[in-house]
Amino acid sequence: MALSNSLNYYTHTQLKTYTHTTLAGTIHFSVVVTVTGSRDIISAKSTVNSVDITFSSTAAIDKWECRATFENATPSVGVGLLLGSGSSIASGVETKINVPYSSLTLGDGTYRISLYVQKDNIWYGG
Amino acid sequence: MASFFNLILDTTAPAGVSLKINAGAAYTSSTTVALTIGTSDATTTGYQMKIWGISIATTEAAASWETFATSKSVTLPTGDGTKTVYVKIRDSVLNESASVSASIILDTIAPVVNITGPDVSTISKISGANTAAFSFQVDEIFTEYKVKVVPNTSSLQDAGTQIPTTAGSTNMSGTNSTGFPANTAINCTINGTDLQSASAADGTKIIKVFAKDKAGNWSVV
């Protein structure tokens, strides 16, 4: 059921599967990364000059990065302004970072805020 | 839920802010006026405005932010003279425009007409005795006047019948968008035939001159 629900969101949610081989056989996993922002527009004015970004993953992760790409730039792992990064987080644990407007250094416009997570040296999300 | 979302950075104040009072009129006779507020920003969702120079907020400090609207009725402070209204606009993330202003002259006082004459007290329709001449002047610039036969001395400008000029009466009405000069005599003649057209029966006629100032106030006396 969880997989089915995730597939319903496939166009918006990074869903990837990977395999892990054990003595008992091959087990299929999926990593679903979700990220939300407290605002969809910010400025330099007090009280609206930052955004809280909250994310979680359906699997334990080893690393994470939050990046911003401007206007029509193509988002990808390692591309864009680095807004935050960190190390291991357990499955389902929500992590929140605060990003001030001054981190968006490419001027006024629309930024795509992407969350990438790494597990077993594979990047997911974005 | 997704692994990304879009975030807009907007540090730009609303642009092209404009303000008009009564569609740009120079004068008003009422303290109640209509403001037209504009911005060149394509969308104004979440925008607010602050208005001052009005009765409930004579200073910016006394004014409050309210939901942006392109039109609003406000009351000017009392007392005739030039009134200046100010407006600021801010967007949904509090970027604030500079203030813009518009002015209008509040004039609530009706003009006063003074009549000199007439040169005769009785006229008929017979040539040689069929005209009465008088002049009038107004204590301020006025844009319109009319000479009427009215029911009584306290009648207002919308009462009675205007004297025609068909038979030769002169200066029984006039308009001038830039204004007739103040305190300058306008000479008029009333022909007996025209007077009879306005009021048929023989007898004493009450004739009043009404003048309208630039603010739209009609004279009473």
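Every chain is numbered from 1 and lettered A, B, ... according to where its sequence line falls, protein lines coming before strand lines.
Contact of the A:Ile42 side chain with the B:Ile8 side chain is not registered, since no non-hydrogen atoms from C-beta on lie closer than 4.5 Å. With contacts defined as side-chain heavy-atom distances shorter than 4.5 Å, the pair B:Ser92/A:Ile41 qualifies.
Taken from OH in A:Tyr116 to CZ in B:Phe4, the straight-line distance is 10.0 Å, to the nearest 0.5 Å. Between the NZ atom in A:Lys45 and the CZ atom in B:Arg90 there is a gap of 10.0 Å [rounded to 0.5 Å]. Note that OG1 of A:Thr34 is 12.0 Å distant from CZ of B:Phe5, once rounded to the nearest 0.5 Å.
Residue A:Ser57: no heavy atom, backbone or side chain, is found under 4.5 Å from chain B. No part of A:Leu106 comes within reach of chain B, as not one of its non-hydrogen atoms sits under 4.5 angstrom from that chain.
In terms of non-hydrogen atom pairs under 4.5 Å with chain A, the most contact-rich of B:Thr12, B:Asn6, B:Asn95, B:Leu7 is B:Leu7.
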Quick one, A:Tyr111 with B:Leu9, criterion side-chain contact (heavy atoms from CB on, under 4.5 Å). Give me CA distance, side-chain angles, the key distance, then yes/no. CA-CA 8 Å; A:Tyr111 292 79; B:Leu9 174 63; 3.9 Å; yes
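In this model, no donor atom of one side chain and acceptor atom of the other lie less than 3.5 Å apart for B:Asp10 and A:Ser43.
The local environment of CD1 in B:Ile56 is sparse, with at most 12 non-hydrogen atoms from other residues, nucleotides or ligands closer than 6.0 Å.
A side-chain donor-acceptor contact under 3.5 Å links B:Ser3 to the backbone of A:Gly126.
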